[in-house]
Protein chains: 2
Amino acid sequence: MERATLRDVARLAGVSVATASKALNGQPQVRASTRARVLQAASQLAFSPNTLAQGLVTQRTGTVGLLTSDLEGRFSIPILMGAEDAFGTDQTSVFLCDARGDSIREKHHVRALLSRRVDGLIVVGARPDSRPSLGHDLPVPVIYAYAPSDDPRDLSLVVDNEGGGRLAVDHLIRCGRRKIAHITGDATYGAAQDRARGALARLTEEGLAVAGGEVWFGMWSEAWGRGATRMLLERHPDVDAIFAGSDEIARGVLDVLHEERLDVPGRVAVVGYDNWTILTANARPPLTTIDMNLEQLGRVAAQRLFTAIGGTLGSGTEKFAPKLVTRESTAPLR
Amino acid sequence: MERATLRDVARLAGVSVATASKALNGQPQVRASTRARVLQAASQLAFSPNTLAQGLVTQRTGTVGLLTSDLEGRFSIPILMGAEDAFGTDQTSVFLCDARGDSIREKHHVRALLSRRVDGLIVVGARPDSRPSLGHDLPVPVIYAYAPSDDPRDLSLVVDNEGGGRLAVDHLIRCGRRKIAHITGDATYGAAQDRARGALARLTEEGLAVAGGEVWFGMWSEAWGRGATRMLLERHPDVDAIFAGSDEIARGVLDVLHEERLDVPGRVAVVGYDNWTILTANARPPLTTIDMNLEQLGRVAAQRLFTAIGGTLGSGTEKFAPKLVTRESTAPLR
DNA sequence: TACGTTCCTGAAAACCTTTTCGGCAACTCG
DNA sequence: CGAGTTGCCGAAAAGGTTTTCAGGAACGTA
C-alpha cells in the first residue's frame, strides 16, 4: 500500500504540484475546472497529505501534548476526554504522556514533545494543589488544568471546591436539614480545606453550626467514612444530614447508616463528592453528589489553548463551577 | 524563545550541517575533537532536533496511534498505561484517540493518524468480544488489544477469561470449598461465558457441580450481585464460596452476606474479577480477585508493534494469563 | 496593431534533517 | 618518490508540502 504524494496527484491531474496544492487547500486562484480535476485525481489515489511536510513548512503541527501525572487516578481521565473531544473537532491530535508523578520523567516528556513541535501543552496535575511551573522559556503556550501552577504568570484552570462545599450544604438546607455534619478526607489536601470552608460558610449564613462540633478530617477511604460515621452517631445521634468529602467516604457513611437501620434519606440525607459513577449509581440508595465538571474543564482547556496558539493566552487562575447531581440519597424532610 | 536548528549548531561549531548531524547521531566517521565541539555547541544552543524533518527523511516518525473505543471504561486505561510505559523507554510517543464507540469517528481518526504518518496502530476495544477489522490495506502494522479483530489474519492480544474462571475456582477449591456458586454478568458477553466455562471445567475436574444448580447470569452491577445472592442463599443456604464475575457484582455479594451475618471468609469465601482497586481494597473484607494483567497486555502490544514496525507482525490471537490477587475474602476453611 | 488588465499556472525557494559519495590530506609501504 | 590506504569532512540530493513571484494567455481598449 504505497502512499500517493502531491506529485502523483498533480501528474495525474496534469498540473503542477503548486496548483494541486492550491486546489486542495481551497485557494481562490485556480479555475473551477482545474480544481475539479485535481480533486478527482486526489480521491482516485486516496491521497492524504503528509502532515509532517505540512508542519515543516507551516510551522504548525496541529498537535498538542497532554502531560498527566497520574493516569490511573480517576481525575485525569475526564479532563483528558474533554480535551480530546474538543480537539477532535478541530483537526488536532493529542500526544499523551504520563509522568507518573516523577519530575525528571516529566522534563523528559516535555523535551520530547517540544522536539515533536507540538503547538501547545496541557498539564493536568494529580491533585488539586498547586504544582511547579514548567517555566516561561518554552516556545509554546502552556495551560494547567486541575492542579494550578505555582507561578501566577501561568494560566491555570481549576475546580471551585469552595463552591462545591457550599453547593452541597445549600442543597441539604433546602431539603430542610438543620443538623449537618461534614466527614471528609486528608486535611493536608487543599481540596478538603476548600470544600469544608465552603460548607461552613453556607452553614453560617443560615445561622447554623456544623453538626458534630467540627469538620471531621481523616482519609479518602470508605473505612474512614465508616469509622467517622460510627463515632458521629455515638456522640450526636440526632444528625439529619452528612456531607461526605468524596464518594468513597460517602459509601462508608451509607454503609454504617444502613447497618444502624437509619433510613436514607428519610432520617439522614447524604451527599458525596466526585460523581464517580461506579460508586454513586450502585450505592444504596444511589448517591446525590457533587460533579466537578472535569470534562468541561478539559474541553475549555483545549479551546483556550487553541485560540492562544496564534496569539497569547492570559494568566491567573480560573475557577470552574461544579454542579449538583441529585439521586435518591437526599430528599426534602417529610 | 527561538529554536536553534542544526545549521546554527554547525555554524557555531565551525563545521557543516552534515558533520554536525553525524556528530550528534554518533556516526563513527567524525573525529573525537570535532564531535566534542559540536556537542558543546548543541548544548549551548539547547538544540533539539526537529522530529518532523527527521521523520520526513527517515520515513519513521517514532509515533503510534492508540485508538480506543471507550476511554471512560475502566479497561482501556491500564492497557493504555502499559503501552505508554513501554513506548516511553524507546523514544516513541503515542497519539490518543477516542472513537466513543462510533465507527465513522473511528475511520476519521484512522485517516488522521495515517496522515500523521504514525508507525503503527494499537486498537483497544471496549469489551472483550471481537470487533470489525480495520482491514489489510493499511500501510502500517495494526495490533488489536483486549477486543480481538474478527479477521484471523490480524494479530490480536486478548485476556484468557477461561483461564481466569479456572483460576478463581481452583483457588476456592484449594481453600477447601466444595459448594461453589458463580454469579456473573450479562450472558451476551463472551467474557461471561468464557469465565463460566473455565469455572465449570475446573469444578468438573474435581468431581463437583456448581452450587446453585447453574451459573447465575444477570448484569454487571452491584444490585444484581445483591439480588442473586439473596436468591441463592434462600435456595441453597449451605453454599460455602461464591465466585463473582466482576468486582462490582462481588461487592453486592459481600453486602448481602454481611447483612445476613454470614462471616466472610469463615463461612463463605468470595472471589471477584477485574481487581478494580477502588472496589476491592475498600471492600469489607478486602476482596480476593482476578487481575487481568491489562497493563502487561498493553506493554506487550507496544513491544510487538515496535519490533514489527520494521518487519511484519504475525497473525492470530494470543491469550494472556490473568493472575490471582489474594486478599481477605478468601481463606482456607477452618 | 499595440498595450494594459485580469486570470491561471508553474518554477523555485523554503522548512530541517539524514545520507551518500566524492575529495582532500596525511599516512604507509614498496 | 609514487601509489595505495585510511580517516575526516562537506556538497548535494532527498523527503513532501506551502507560498511567492514571474510569466503566459486571453481579453478589452485605444
Side-chain angles (χ1 to χ4, degrees), chain A residues 1-39 41-42 45-63 91 112 114-119 139-140, chain B residues 2-39 41-42 45-63 91 111-112 114-119 139 310:
Chain A
M1 177 80 188
E2 290 320 309
R3 289 147 141 145
T5 76
L6 193 55
R7 275 249 300 274
D8 303 327
V9 174
R11 186 160 33 217
L12 181 57
V15 298
S16 72
V17 287
T19 6
S21 170
K22 280 178 277 202
L24 259 16
N25 294 326
Q27 300 272 8
Q29 348 96 333
V30 31
R31 194 167 15 173
S33 65
T34 311
R35 184 187 308 274
R37 268 203 337 281
V38 172
L39 254 32
L45 296 175
F47 170 74
S48 93
N50 184 329
T51 46
L52 296 183
Q54 285 182 317
L56 201 53
V57 35
T58 61
Q59 306 285 37
R60 281 288 191 80
T61 54
T63 59
Q91 45 272 359
L114 291 179
S115 197
R116 296 223 125 83
R117 296 303 187 264
V118 292
D119 293 333
V140 296
Chain B
E2 290 319 309
R3 288 147 144 148
T5 77
L6 194 54
R7 274 248 304 273
D8 303 326
V9 174
R11 185 159 34 216
L12 181 57
V15 298
S16 72
V17 286
T19 12
S21 170
K22 280 178 277 200
L24 291 174
N25 294 324
Q27 299 273 8
Q29 345 98 334
V30 31
R31 195 169 13 177
S33 64
T34 312
R35 184 186 310 274
R37 267 202 339 277
V38 173
L39 254 32
L45 297 176
F47 170 74
S48 93
N50 184 328
T51 46
L52 296 183
Q54 285 181 318
L56 202 52
V57 35
T58 61
Q59 305 285 39
R60 282 288 192 76
T61 54
T63 59
Q91 45 274 359
R111 268 190 76 85
L114 291 179
S115 197
R116 295 222 127 85
R117 296 302 187 264
V118 293
D119 293 334

How would you give the extent of chain A contacts on DNA chain C, as first and last nucleotide 5' to 3' within a 4.0 Å heavy-atom cut-off?
->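 In short, chain A contacts DNA chain C from C:dC8 to C:dC16.
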
For A:Q27 and D:dT19, give me the distance from atom CD to atom C1', rounded to whole Å.
->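 Spelled out: CD on A:Q27 to C1' on D:dT19 is 8 Å.
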
Measure the shortest side-chain to side-chain distance between B:L56 and A:N50 over non-hydrogen atoms and say whether it is less than 4.5 angstrom.
->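 Answer yes - side chains close enough.
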
What residues form a side chain to side chain contact (heavy atoms under 4.5 Å, CB included) with [X], not counting sequence neighbours?
{"X": "A:A18", "answer": "A:S16, A:K22"}
{"X": "A:S48", "answer": "B:R111, B:S115, B:R117"}
{"X": "A:A42", "answer": "A:V9, A:L24, A:F47"}
{"X": "A:R116", "answer": "A:F95, B:T51, B:T63, B:S93"}

So which heavy atom on [X] is nearest to which on [Y], and how close?
{"X": "A:D119", "Y": "A:T61", "value": "OD1-N, 3.2 Å"}
{"X": "A:L6", "Y": "A:A20", "value": "CD1-CB, 3.9 Å"}
{"X": "A:A23", "Y": "A:L39", "value": "O-CD1, 4.4 Å"}

Listed once per pair and sorted, the side-chain hydrogen bond (donor to acceptor under 3.5 Å, both in side chains) pairs that draw on residues 25-37 of chain A, sequence neighbours left out |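 side-chain hydrogen bond (donor to acceptor under 3.5 Å, both in side chains) check on residues 25-37 of chain A returns A:S21-A:N25.
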
Kindly write out the residues that satisfy salt bridge (Lys or Arg N to Asp or Glu O under 4.0 Å) with B:R11, not counting sequence neighbours, or none if the list is empty.
->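 Result, salt bridge (Lys or Arg N to Asp or Glu O under 4.0 Å) vs B:R11: B:D8.
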
Polar atom pairs between nucleotides 4-12 of chain D and protein, under 3.5 Å, N or O only, would you list them?
from	atom 1	to	atom 2	distance (Å)
D:dC9	OP1	B:R31	NH2	3.2
D:dC9	OP1	B:T34	OG1	2.5
D:dC9	OP2	B:R31	N	2.9
D:dC9	OP2	B:T34	OG1	3.4
D:dG10	OP2	B:S16	N	3.0
D:dG10	OP2	B:S16	OG	3.4
D:dG10	OP2	B:T19	OG1	2.6
D:dG10	O6	B:K22	NZ	2.6

Using the C1' atoms of the five pairs at each end, what is the angle between the end axes of the helix from C:dT1-D:dA30 to C:dG30-D:dC1, to 10°?
->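 Comparing the axis at each end, I get an angle of 70°.
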
